[in-house]
Number of protein chains: 2
Amino acid sequence: MEKQTITIYDVAREANVSMATVSRVVNGNPNVKPSTRKKVLEVIERLDYRPNAVARGLASKKTTTVGVIIPDVTNLFFASLARGIDDIATMYKYNIILANSDENEHKEIQVLNTLLAKQVDGIIYMGNKITDELRAEFSRSKTPVVLAGTIDPEQQVGSVNIDYIAATEEVIGKLIANGKNKIAFVSAPLSNPINGQHRLKGYKNALINANKAYDESIVFELEPNLHNGEELAAKLIAEGVDAAYVAGDELAIGILNGVINAGLNVPEDFEIVASNNSKITEMARPKLSSIMLPLYDIGAVAMRLLTKIMNKEEIDEKSITLPYKIIYRGTTSNEGK
Amino acid sequence: MEKQTITIYDVAREANVSMATVSRVVNGNPNVKPSTRKKVLEVIERLDYRPNAVARGLASKKTTTVGVIIPDVTNLFFASLARGIDDIATMYKYNIILANSDENEHKEIQVLNTLLAKQVDGIIYMGNKITDELRAEFSRSKTPVVLAGTIDPEQQVGSVNIDYIAATEEVIGKLIANGKNKIAFVSAPLSNPINGQHRLKGYKNALINANKAYDESIVFELEPNLHNGEELAAKLIAEGVDAAYVAGDELAIGILNGVINAGLNVPEDFEIVASNNSKITEMARPKLSSIMLPLYDIGAVAMRLLTKIMNKEEIDEKSITLPYKIIYRGTTSNEGK
DNA sequence: ATGAAAGCGCTAACAG
DNA sequence: CTGTTAGCGCTTTCAT
């Protein structure tokens with residue numbers, strides 16, 4: 001015999017009140033006499049009643065869940081953002097539906113649509129380049145979208161980032177100040193505006209500031225995994241590169257290990273700066289110097305921004321720029337710092 | 001003027017059929033004449049109709065979403081499981097609601113309840129010790145639960161794991177065969193049955209096999225983070241330990257770096273074996289030898305198992321044990337292997 | 001093969 | 001402060 005799910009109606013009957021009243025106490029509506037509230041609460045307790053969020057969602061047109069599109073949870077960079085997102089979501093009584101996209105345009109569209117079908121109240125998107133098709137889908141629905149740690153040059157929707165240009169410029173400047181002559185720019189695909197437009201621009205700016213020529217032959221674009229980093233090390237050394245700015249922590253560790261295994265000393269012969277400061281930068285030996293993105297905060301602030309939008313509050317600035325730091329650890333020479 | 005959401009009713013009207021028919025074509029019910037199916041499909045296309053999953057969920061009592069309770073997405077071990085879970089979920093048309101619990105009993109109960117309120121079709125739980133209260137909640141609802149990479153001695157619900165005892169026993173045996181005399185057992189809290197009962201048992205077994213005494217003074221229990229590992233290294237060296245089995249990859253890297261920074265050679269003076277083989281084991285220098293848990297697969301199989309249960313299919317064995325491997329990399333001496 | 005109609009469990013006016 | 005009454009958008013018998 002099936003266990004009968006007990007509904008708001010059962011509670012109403014047992015408590016001798018109407019469904020509306022039960023609904024009121026469940027939702028904390030103050031317009032209920034304390035004594036009847038108490039009575040209802042007792043029945044709820046006794047019957048072990050649990051409101052059905054789906055029914056509630058249908059009736060109220062709000063699901064208190066937000067969709068989160070993430071390239072890959074297994075990537076510490078995004079996982080850290082996701083953690084910030086979830087914590088703030090929880091704080092505001094939202095849950096998150098997490099969907100991996102692998103930065104695949106087709107999957108992104110696909111996932112976005114199922115998220116919308118599930119009537120999420122909002123969406124947080126993390127990824128790379130936002131295709132026109134995706135942008136079109138974003139605006140087609142009136143569901144609010146916020147970008148976390150990703151940049152859309154069109155700036156249609158809210159977003160949270162740091163000033164990648166300034167950060168990169170600063171760090172390259174430091175490398176130059178340290179006496180490095182040939183500083184490589186190593187990056188995940190440049191199709192990502194953060195890499196291709198912002199970080200690269202910061203790199204160029206620093207070069208200009210120092211009166212150095214931009215040399216495209218030491219700008220590398222590759223899939224950001226450990227192996228590619230290890231492999232690139234030899235090439236870097238062969239090119240006479242003596243420092244590298246690396247967009248992608250895993251890539252940075254690969255390069256670091258590759259360079260050391262090749263017999264060079266870090267930071268004496270070769271300096272490296274990573275750019276995300278995910279947990280793994282501290283696992284390297286020596287520990288990686290890195291731009292310190294406030295990963296958790298980016299996620300948290302993005303979610304907070306989304307709650308405001310969902311709540312139709314006034315937003316002063318929908319493109320939020322968070323402060324960054326640069327932390328010089330073992331892969332840069334720290335004299336004079 | 002508000003954009004009017006278009007419903008199944010609108011489609012029915014425009015296509016001159018009943019809602020039931022539209023519902024049928026949307027759900028791929030074969031009992032529809034091809035010509036009318038075509039007609040309906042055209043209207044759906046024209047009106048850009050998208051079924052409301054919430055309404056569907058209320059009517060059908062199935063939400064096609066599963067809840068995933070995870071200690072912390074930021075932990076590569078669990079993130080890897082989560083990836084396997086999500087991929088298989090997607091394959092079977094489910095979405096996942098991801099909720100971080102921090103292995104906090106209170107949060108776990110809390111989260112479980114909101115998941116149930118949202119009428120998830122099933123739950124995948126990852127964590128540590130399953131408290132009696134949690135176990136009680138599990139059985140209180142008829143929502144199926146599967147444990148991924150976590151052990152409940154009570155074996156109430158389905159679960160997917162490897163044979164931790166055998167794996168640990170094998171790896172300790174190897175360390176002994178390599179001539180190591182004082183092998184520490186370093187672990188995250190032993191309250192987790194995997195650590196406290198299975199892994200530790202494997203460790204003891206190996207000792208017995210080799211006719212060595214169990215020495216509690218070199219069994220360490222601590223929060224599994226990098227810093228604790230680094231700090232423990234000195235103690236280990238002081239104790240005259242010459243090898244360590246470490247349950248927790250981050251912890252293992254900490255110990256590795258600590259030991260090397262103290263001037264020892266790895267693996268000559270000190271061997272280390274990690275036990276989860278998350279991505280970071282390869283980022284260490286030298287790369288960490290490790291028990292190779294099929295993390296992704298554990299998640300994937302757990303989700304697959306859950307789909308079967310949700311689908312009320314016959315389950316031959318609800319406690320699944322996946323094969324493991326041991327991969328000897330740079331932190332163990334590999335002579336004779 | 002198709003339609004009518006009764007819910008699914010809850011919220012939200014509205015009335016009192 | 002409380003009850004009545006419509007729905008929310010879709011699935012699902014049950015007829016036809």
Side-chain angles (χ1 to χ4, degrees), chain A residues 2-41 43-44 47-65 93 114 116-121 141, chain B residues 2-41 43-44 47-65 93 114 116-121 141:
Chain A
E2 271 294 317
K3 208 186 293 179
Q4 182 60 52
T5 59
I6 87 110
T7 76
I8 198 174
Y9 180 75
D10 299 313
V11 176
R13 180 170 32 72
E14 291 288 313
N16 278 108
V17 295
S18 70
M19 289 165 56
T21 298
V22 177
S23 176
R24 286 189 188 98
V25 349
V26 167
N27 292 298
N29 184 317
N31 288 21
V32 181
K33 202 198 311 177
S35 67
T36 86
R37 172 188 309 282
K38 181 156 173 293
K39 181 174 58 176
V40 171
L41 250 16
V43 175
I44 286 178
L47 264 42
D48 190 27
Y49 165 69
R50 297 156 180 240
N52 178 325
V54 174
R56 184 184 294 198
L58 182 58
S60 68
K61 293 178 174 305
K62 298 200 290 173
T63 53
T64 63
T65 109
K93 311 287 184 203
T114 97
L116 293 176
K118 295 218 168 168
Q119 314 296 119
V120 293
D121 296 335
S141 83
Chain B
E2 271 294 317
K3 207 185 294 178
Q4 182 60 52
T5 59
I6 87 109
T7 74
I8 198 172
Y9 181 75
D10 300 313
V11 176
R13 180 170 31 70
E14 291 289 311
N16 277 110
V17 296
S18 70
M19 292 165 53
T21 298
V22 177
S23 176
R24 287 189 187 98
V25 349
V26 166
N27 292 298
N29 184 317
N31 288 23
V32 181
K33 204 197 312 176
S35 66
T36 86
R37 174 188 306 281
K38 183 157 173 291
K39 182 174 57 177
V40 171
L41 252 14
V43 176
I44 286 178
L47 264 43
D48 189 28
Y49 165 69
R50 299 157 179 240
N52 178 324
V54 174
R56 186 183 292 198
L58 182 58
S60 68
K61 294 178 174 303
K62 298 201 289 176
T63 54
T64 64
T65 109
K93 313 288 185 203
T114 99
L116 292 176
K118 295 219 167 167
Q119 313 298 120
V120 295
D121 296 335
S141 83

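Everything numeric here is computed off the predicted structure, so don't read it as measured data.
- Here the C1' atom of nucleotide C:dG3 and the CZ atom of B:R13 are 17 Å apart, to the nearest Å.
- The side-chain heavy atoms of A:K118 and A:T65, taken from C-beta on, include no pair separated by under 4.5 Å.
- A heavy atom closer than 4.0 Å to some atom of DNA chain C occurs in B:R24, B:N31, B:V32, B:K33, these being the qualifying members of residues 24-33 of chain B.
- Note on A:T36: a side-chain N or O is less than 4.0 Å away from OP1 or OP2 of D:dT2.
- Smallest separation of non-hydrogen atoms from B:Q119 and B:T63: O-OG1, 2.8 Å.
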A:V25 and A:I44: CA distance, side-chain angles, deciding distance, side-chain contact (heavy atoms from CB on, under 4.5 Å) verdict = CA-CA 10 Å; A:V25 349; A:I44 286 178; 4.3 Å; yes
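- Side-chain nitrogen and oxygen atoms of B:T21 include none within less than 4.0 Å of the OP1 or OP2 phosphate oxygen of C:dT2.
- Judged purely by distance below 3.5 Å, without hydrogens or angles, the side chains of A:K93 and B:T114 never pair a donor atom with an acceptor atom.
- In this structure, A:K118 atom NZ and D:dG9 atom C1' are separated by 16 Å, rounded to whole Å.
- For A:D48, the side chain to side chain contact (heavy atoms under 4.5 Å, CB included) partners at least two apart in sequence or on another chain are A:R50, B:R140.
- Annotation: side chain of A:R56 is not in contact with side chain of A:T64 (no heavy-atom distance under 4.5 Å).
- As a whole-Å value, the separation of A:Q119 CD from D:dG9 P is 9 Å.
- At a threshold of 4.0 angstrom between heavy atoms, the contacts of A:V17 are confined to the sugar-phosphate backbone, with no base atom among them.
- Residues A:K39 and A:T21 form no side-chain contact, since every pair of their non-hydrogen atoms from C-beta on lies 4.5 Å or further apart.
- In this structure, OG1 on B:T7 lies 7.0 Å from CE on B:M19, to the nearest 0.5 angstrom.
- Using a 4.0 Å heavy-atom distance criterion, B:D10 is classed as making no nucleic acid contact.
- Between A:V26 and A:P51, the shortest heavy-atom distance links the atoms CG1-CG, 3.8 Å.
- Put simply, B:S18 has no side-chain N or O that comes within less than 4.0 Å of OP1 or OP2 on C:dT2.
- At the phosphate of D:dT11, OP1 or OP2 sits under 4.0 Å from a side-chain N or O atom of B:R56.
- The phosphate of D:dG3 (OP1 or OP2) has no side-chain N or O of A:Y9 nearer than 4.0 angstrom.
- Heavy atoms of B:S23 sit under 4.0 angstrom from at least one base atom.
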Listed pairs, N/O of protein and of nucleotides 5-8 of chain C, under 3.5 Å:
from	atom 1	to	atom 2	distance (Å)
C:dC8	O3'	B:K61	NZ	3.0
C:dC8	O2	B:A59	N	3.3

